[in-house]
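First comes the structure, then the notes that go with it.
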Amino acid sequence: MKGVLLVNLGSPESPTPKDVKPYLDEFLMDKYVIDVPYLLRALLVRGIILRKRPEESAHAYAKIWWDEGSPLVVLSERMQQKVQPLVNVPVALAMRYGTMTIEKGLQELHDKGVTEVLLFPLYPQYAMASTLTILVKAEEIRKKKFPQMTFTDVPAFYNKPDYIKNLADSMKKHLDGFDYDHLLFSYHGIPERHIRKTDVTKSHCKIDGSCCNTPSPAHEFCYRHQCYETTKLVIEQLGIPKDKYSLTFQSRLAGDKWLEPYTDIEINKMPAKGIKKLAVVTPAFVSDCLETLEEIAMRAKEEFEENGGEEFLAIPCLNDDDQWCQTVGNWINDWAK
Ligand SMILES: C=CC1=C(C)c2cc3[nH]c(cc4nc(cc5[nH]c(cc1n2)c(C)c5CCC(=O)O)C(CCC(=O)O)=C4C)c(C)c3C=C
Ligand SMILES: [Fe+2]
Ligand SMILES: [Fe+2]
């Protein structure tokens with residue numbers, strides 16, 4: 001029997017330092033997220049980052065937390081509940097980090113008699129810190145606990161026409177009546193090193209002005225290329241002129257060189273360039289989360305206004321949008337038939 005496991009990132013149990021600390025520990029000790037040797041990672045994460053960050057992050061989480069829980073988890077659950085009636089196979093939901101584990105999700109499917117699983121990472125663009133870590137973790141659990149199961153992976157859907165249409169339609173709806181000067185596509189950042197590591201050709205990705213526009217087998221796993229493609233396809237669909245949009249990367253941690261340009265720095269410069277009405281879309285996330293609700297809709301808005309900006313619109317993620325849930329249902333049905 002077939003079944004589906006939707007997998008998103010996860011959130012702490014509550015917006016308190018006590019719960020944020022173990023969550024961040026699991027997340028940042030993942031070798032696909034901070035990809036340095038174990039001892040150095042432990043020193044960085046446990047010796048440096050986790051000394052102060054749980055307090056700061058808990059404070060940020062508290063600002064966006066809902067009565068029902070973490071927005072990312074609640075919105076992913078709403079999506080799963082909308083998709084389930086559209087398909088004839090069981091659909092479970094799990095998180096890569098935290099208590100809604102991939103193991104529990106697979107157990108739920110196993111208890112329903114599922115042996116063939118469609119693994120569905122909820123990330124439009126491929127990255128080792130998001131997609132790959134889910135696939136590796138699921139495979140580890142499969143080998144240990146469910147050796148009779150087989151997996152099919154849903155590849156990154158950054159350029160799938162129905163996803164692009166859903167994103168463009170949703171953006172159009174939210175932009176209606178907002179006469180923006182500029183539309184910013186802000187993607188979650190990753191260290192540049194991650195791009196080089198996932199380059200299957202070992203020589204294509206130079207993170208320069210041209211590699212991401214030059215066709216290459218590397219692009220199947222190039223996060224930067226995929227962010228550019230999502231942007232290009234949405235822009236074409238919405239007919240937005242070249243001088244009215246740009247692309248940046250957000251949420252960097254100190255230390256490494258991360259993908260540029262940086263969202264916060266670019267937004268802060270915009271009012272001086274005459275951009276007074278700004279719309280920001282965050283297509284690296286399918287569900288709103290800390291990085292969209294706090295970093296963009298609160299902090300970036302505040303800084304934009306402090307620097308002379310007048311109006312700021314944070315466009316919601318696809319979340320449980322009806323058309324998007326129908327698309328996910330269609331993909332599942334195509335696989336399950
Ligand atoms: C080395 C650090 C990080 C990498 C690489 C990274 C990649 C990455 N992350 C997401 C999606 C999300 N990240 C979220 C939060 C978040 N991310 C990092 C660090 C890295 N992410 C941290 C430390 C945090 C926690 C927040 C904080 O303490 O400030 C979230 C939000 C989670 C939530 O509960 O709402 C998401 C979603 C992607 C897609 C990605 C690679 C492309
Ligand atoms: Fe992240
Ligand atoms: Fe590239």
Side-chain angles (χ1 to χ4, degrees), residues 8-15 17 19-21 23-36 41 44-45 49-50 52-61 63-66 69-76 95-98 100 121-134 156 158 187-199 201 203-216 218-219 221-229 249-256 258-259 282-296 299 317:
N8 208 338
L9 183 106
S11 282
E13 277 296 283
S14 78
D19 285 335
V20 171
K21 192 171 180 180
Y23 167 76
L24 285 181
D25 186 75
E26 185 190 4
F27 184 5
L28 298 176
M29 283 305 291
D30 180 344
K31 66 179 179 195
Y32 295 99
V33 175
I34 297 195
D35 57 323
V36 296
R41 187 160 70 247
L44 260 171
V45 173
I49 302 175
L50 291 187
K52 281 203 178 151
R53 189 132 191 148
E55 286 276 343
E56 291 163 7
S57 292
H59 181 67
Y61 272 111
K63 292 201 273 178
I64 59 139
W65 211 257
W66 292 346
S70 144
L72 177 140
V73 173
V74 173
L75 290 163
S76 307
M95 299 288 157
R96 173 61 184 85
Y97 312 105
M100 289 174 68
L122 290 170
Y123 301 112
Q125 299 83 19
Y126 176 96
M128 69 182 210
S130 53
T131 319
L132 179 62
T133 185
I134 288 175
Y158 66 99
Y187 293 84
H188 198 302
I190 54 173
E192 284 191 354
R193 187 181 55 251
H194 288 204
I195 298 279
R196 295 201 185 87
K197 274 195 173 170
T198 54
D199 178 355
T201 71
S203 61
H204 175 78
C205 294
K206 295 171 194 72
I207 318 180
D208 59 12
S210 68
C211 66
C212 286
N213 295 320
T214 310
S216 165
H219 291 164
F221 303 109
C222 177
Y223 180 75
R224 187 169 176 268
H225 165 82
Q226 297 186 5
C227 294
Y228 280 104
E229 278 302 295
F249 297 95
Q250 65 180 81
S251 325
R252 67 192 180 281
L253 282 191
D256 278 317
W258 285 55
L259 293 180
T282 44
F285 311 95
V286 297
S287 315
D288 275 302
C289 60
L290 189 69
E291 315 302 85
T292 63
L293 299 171
E294 196 271 338
E295 187 174 350
I296 299 298
R299 243 184 314 143
C317 296

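Counting begins at 1 with the first residue of the sequence. Just follow the structure's listing: the first ligand is 1, and inside any ligand the first atom is 1. Model, not experiment: these values are computed from the prediction.
- Taking a 6.0 Å sphere around NZ of Lys21, one finds it holds 12 or fewer heavy atoms contributed by other residues, nucleotides or ligands.
- Separating the OH atom in Tyr61 from the SG atom in Cys289 is a distance of 7.5 Å, to the nearest 0.5 Å.
- In this structure a side-chain-to-backbone donor-acceptor pair under 3.5 Å is present from Ser76 to Leu72.
- Counting all heavy atoms, side chain and backbone alike, Trp65 lies closest to Glu13 at CZ2-O, 3.6 Å.
- The Fe ion (ligand 3) has no N, O or S atom of His219 under 2.8 Å away, backbone or side chain.
- Put simply, the side chain of Asp288 never gets that close to the backbone of Leu293: no donor and acceptor are under 3.5 Å apart.
- In this structure, Glu192 places its CD atom where more than 12 heavy-atom neighbours from other residues, nucleotides or ligands lie under 6.0 Å away.
- Applying the salt bridge (Lys or Arg N to Asp or Glu O under 4.0 Å) test between Lys63 and each of Glu294, Glu295, Glu56 identifies Glu294 as the sole match.
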Ligand 1 N/O to protein N/O, distances under 3.5 Å:
| from | atom 1 | to | atom 2 | distance (Å) |
| --- | --- | --- | --- | --- |
| ligand 1 | 9 (N) | His188 | NE2 | 3.0 |
| ligand 1 | 13 (N) | His188 | NE2 | 3.2 |
| ligand 1 | 21 (N) | His188 | NE2 | 3.4 |
| ligand 1 | 28 (O) | Arg53 | NE | 3.2 |
| ligand 1 | 28 (O) | Ser57 | OG | 2.4 |
| ligand 1 | 29 (O) | Arg53 | NH2 | 2.6 |
| ligand 1 | 34 (O) | Gly10 | O | 3.4 |
| ligand 1 | 34 (O) | Ser11 | OG | 2.5 |
| ligand 1 | 34 (O) | Tyr61 | OH | 2.7 |
| ligand 1 | 35 (O) | Leu290 | N | 2.8 |

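- Taking backbone and side chain together, Cys211 holds an N, O or S atom under 2.8 Å from the Fe ion (ligand 3).
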